[in-house]
Amino acid sequence: MAASTESFYLGFDFSTQQLKVVAVDGNLSVVHQDNVQFDSELPEFGTQGGVHVHADSLTVTSPVLMWVKALDLILGKMKNAGFDFSRVKALSGSGQQHGSVYWRKGTNQVLRDLQPGKSLHELLKGGFAVSDSPVWMDSSTTEQCQYLETAVGGAQRVADITGSRAYERFTGNQIAKIYKAQPEKYEDTERISLVSSFAASLFLGSYAAIDYSDGSGMNLMDIFSKQWADSCLEATAPHLEERLGAPVHSSAVLGLLSPYHVTRYGFPEDCKVVAFTGDNPGSLAGMRLQEGDIAVRSFFLFLSFFLSFFLSFFLSFFLSFFLSFFLSFFLSFFLSFFLSFFLSFFLSFFLSFCTSTNGSLTRERIRNKCAGGSWEVFSSVLRTTPTGNNGNIGIYFDAMEITPSAVGVHRFDKENTKVAGFSAQGEIRALVEGQFLAKRVHAEKLGYKIIPGTRVLATGGASSNKDILQVLSDVFDAPVYTIDVANSACLGCGYRALQGLVAESGVSFAEAVRKAPEAQLAVTPTPGADKMLAEMFQRFL
Ligand SMILES: Nc1ncnc2c1ncn2[C@@H]1O[C@H](COP(=O)(O)OP(=O)(O)O)[C@@H](O)[C@H]1O
Ligand SMILES: O=C(CO)[C@@H](O)[C@H](O)COP(=O)(O)O
C-alpha cells in the first residue's frame, strides 16, 4: 500500500495517567510524540495516578473535564512545537477501557456548534450529567454484577453472550449503579460514551459510535452478533439502547474532523476520524501480535488466539451432529473443529486477556518505600538479588485485585510461613517476581503453554526497564521483545487511522502495516532461572 510520506496519521491514547499522541507518516515512521500527565500538568483536578479513589476505597473516578482540558493542552503543545496539522489525513485513538462518560441532554448540539475561539474545556463545562466518570479501577458494583448474572441466567450465560462474566469495572454494571444511585443524573443523560468514543466525539463534533472491540468490555454487547444484548440492557437501566447508539466496526470512518479543529489548529477539511477503541485492542494493533504470542502491557496480559480455539470447540459439537449423518462422529468433530477455527479466526478475531489493578502504581509505591523513589536503585536491586528470592514470595494487592478478587499484602518465607516484612531488597524482588508469577498462573489456567518459539511482547511505561523485563523473561522462560515506542496503543491507533482510510477497499490491517518496524529482542531467560522458578510457581499457585 503506497501512502505518501508527506501525509501524517495521528493516534491518541486517553489512558489512566496521561493523554498521549503519536504521529506516523505514510511509511509508518514516527514523526512526533507528546503527552500530558494528568497529575502534574493538570493539578487543579487533584488526581493521583489520574484518578480519585473515594473513601470506600472501592469507588474510583476521574474528572471528565480533566480529559477535555488535556486535549486542549496536547493540541496546544503540538501547535507550539510547530507540528504541521495540515498534513494529517486521518486520526484515531484509544481510551482506558470500561470507563463511562455521561453527556448531558443538549450537548450534541453544543458539539456541533463548537466555536474555534474558545477552548473545548470552556465550551463543554456544562456538558456532562456526571462530572466524575467511573473508571476501570472501580470495584464498587458487586451488587449490580450479582443482579446482572441472576437476571440473565448465571455467570456462564453472561459470559456466553458478552464474552466475560459480570465484572465490577465493566461499563454496564457502572451504568446500573449510576441509574440506581443517581436516577436524576441518568435521566439528564442524552448519551453514554466509553472513554474511547467520548474522545472520538471531541474530534468529530458529535457523538461518536462505540466500536465493537471496546464495546465488548461492557457486559452489554452480544459478541457474536455485535449488537447490544436485550437481556443485558434490560437488567441494566431503562432506555439504555438509545443512550448507547449502535456500535460500529473498529476500522469504520466515523466522519470528517469537526470544523472547530480545522479552524483552530489548521487540520485539512477532509481529515477523517476513524473509530476509537480500547487501549488494549489499540496495543494489539501497535504490537502486531502473531499467533501464540503473549503480550504484557504495564503489565496486563493478552493471549492471542484463545477465544478462537474455544469458540471452535463449541461450534464443532453442533456441526458434528449434522455431519455425523455422513461421517463418523469423531471424523466430523475433527473436520468441524478446523472449519470453525478458521471461520472464527478470520471472521472475528477474539483476544483473551487478564487485567490486574495492582501493576505500575504498586511498583511505584514499593520503589518509593524501598528504593528512595529511584527506578535506577530499584533496577540495581533486581540485578543483584537472586532469582527465586531465597524462597521469599510476596503478593501485593494494594487495591482490590480483579483476578483473584482479593486485597492486601501477603508475604511468605521459604517455609511458607507468613511473615510481616522482608528486607528492602527482598521486597522489591518479591513484588516483581510475584506480579509475573501471577500472570503466568493466569496464562496457564487459560490453557496457555509456553513452548519453544513463544515470544513475550512487553509494552507500556515499565517496558523501558530492562531489569523488570529480565524477571518477566525468567518467569515465562521465554524471550521478551519490545517495540521502539513504549506506548503501543498510540502507535497502533496511528496505524489504524492509516488503515481506516483504505479498509473499505479491502486492504487488511496486516497488509496496511506490513512495513512497520518489527519488535526487537530485549532480553532472554537467564540460564538456570527456570529451575529456580519452577518450585516457586507451584507454591505461588
Ligand atoms: N524506568 C521505569 N521502570 C519501571 N516503571 C516505569 C519506568 N518508567 C515509567 N514507569 C512506569 O510507567 C507507568 C506509566 O505507564 P503507561 O503504560 O504509560 O501507563 P498508563 O497507560 O496508565 O498511562 C508509570 O506509572 C511508571 O510506574
Ligand atoms: O481495565 C483494563 C482492561 O480491562 C485496563 O487495561 C484499562 O484499559 C486501563 O489501561 P491503562 O490506561 O492503565 O493503560
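Each ligand, and each atom within it, is numbered from 1 in the order the structure gives. Below, each value reflects all heavy atoms present in this structure, side chains not excepted, and no hydrogens, waters or symmetry copies.
The shortest non-hydrogen separation linking Phe436 to Ile468 is CE1-O, 3.5 Å.
Here Gln17 has no heavy atoms under 4.0 Å from ligand 2, in either its backbone or its side chain. Contact annotation: for Ala462 versus ligand 1, heavy atoms closer than 4.0 Å belong to both the backbone and the side chain. Counting heavy atoms under 4.0 Å from ligand 1, residue Ile468 touches it through the side chain alone. Of all the heavy atoms of Lys20, the ones lying under 4.0 Å from any atom of ligand 1 belong exclusively to the side chain. Under 4.0 Å from ligand 2, the heavy atoms of Thr355 that appear belong solely to its side chain.
Atom NZ of Lys466 sits in a sparse spot, with 12 or fewer heavy atoms from other residues, nucleotides or ligands closer than 6.0 Å. Residue-environment remark: CG (Asp56) exceeds the threshold of 12 foreign heavy atoms within 6.0 Å.
We find that Lys177 and Glu143 are not joined by a salt bridge, their nearest charged nitrogen and carboxylate oxygen being 4.0 Å or further apart.
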*Begin with the C-alpha distance, continue with both residues' side-chain angles, and end with the deciding distance and a verdict on side-chain hydrogen bond (donor to acceptor under 3.5 Å, both in side chains) for Asp214 and Ser197.*
CA-CA 9 Å; Asp214 212 10; Ser197 59; over 6 Å; no
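Under the side chain to side chain donor-acceptor pair (under 3.5 Å) rule, Asn358 has a single partner from Arg365, Arg363, Glu401, Gln435, which is Glu401.
Listed by number with element, the atoms of ligand 1 under 4.0 Å from a non-hydrogen atom of Ser15 are 20 (P), 21 (O), 23 (O). Residue-ligand proximity, Gly460 to ligand 1, at heavy-atom distances under 4.0 Å covers atoms 17 (O). Interface of Arg169 with ligand 2, defined as ligand atoms under 4.0 Å from a residue heavy atom, comprises 1 (O), 4 (O). Ligand-side atoms of ligand 2 in range of Gln96: 8 (O), 9 (C), 12 (O), range being under 4.0 angstrom from any heavy atom. Here is the list of ligand 2 atoms found below 4.0 Å of a heavy atom in Ser15: 12 (O). Using a 4.0 Å cut-off to heavy atoms of Glu364, the atoms of ligand 1 that qualify are 24 (C), 25 (O), 26 (C), 27 (O).
Compare Gly461, Ser94, Ala489, Ser379 by their heavy atoms: the one nearest to atom 16 (P) of ligand 1 is in Gly461. Evaluated by nearest non-hydrogen atom to atom 4 (O) of ligand 2, the leading choice among Met137, Gln97, His98 is His98.
Judged purely by distance below 3.5 Å, without hydrogens or angles, the side chains of Ser250 and Asp211 pair a donor atom with an acceptor atom.
Ring planes of Phe83 and His32: tilted class, angle from 30 to 60°. Ring planes of Phe45 and His121: perpendicular class, angle over 60° (limits at 30 and 60°).
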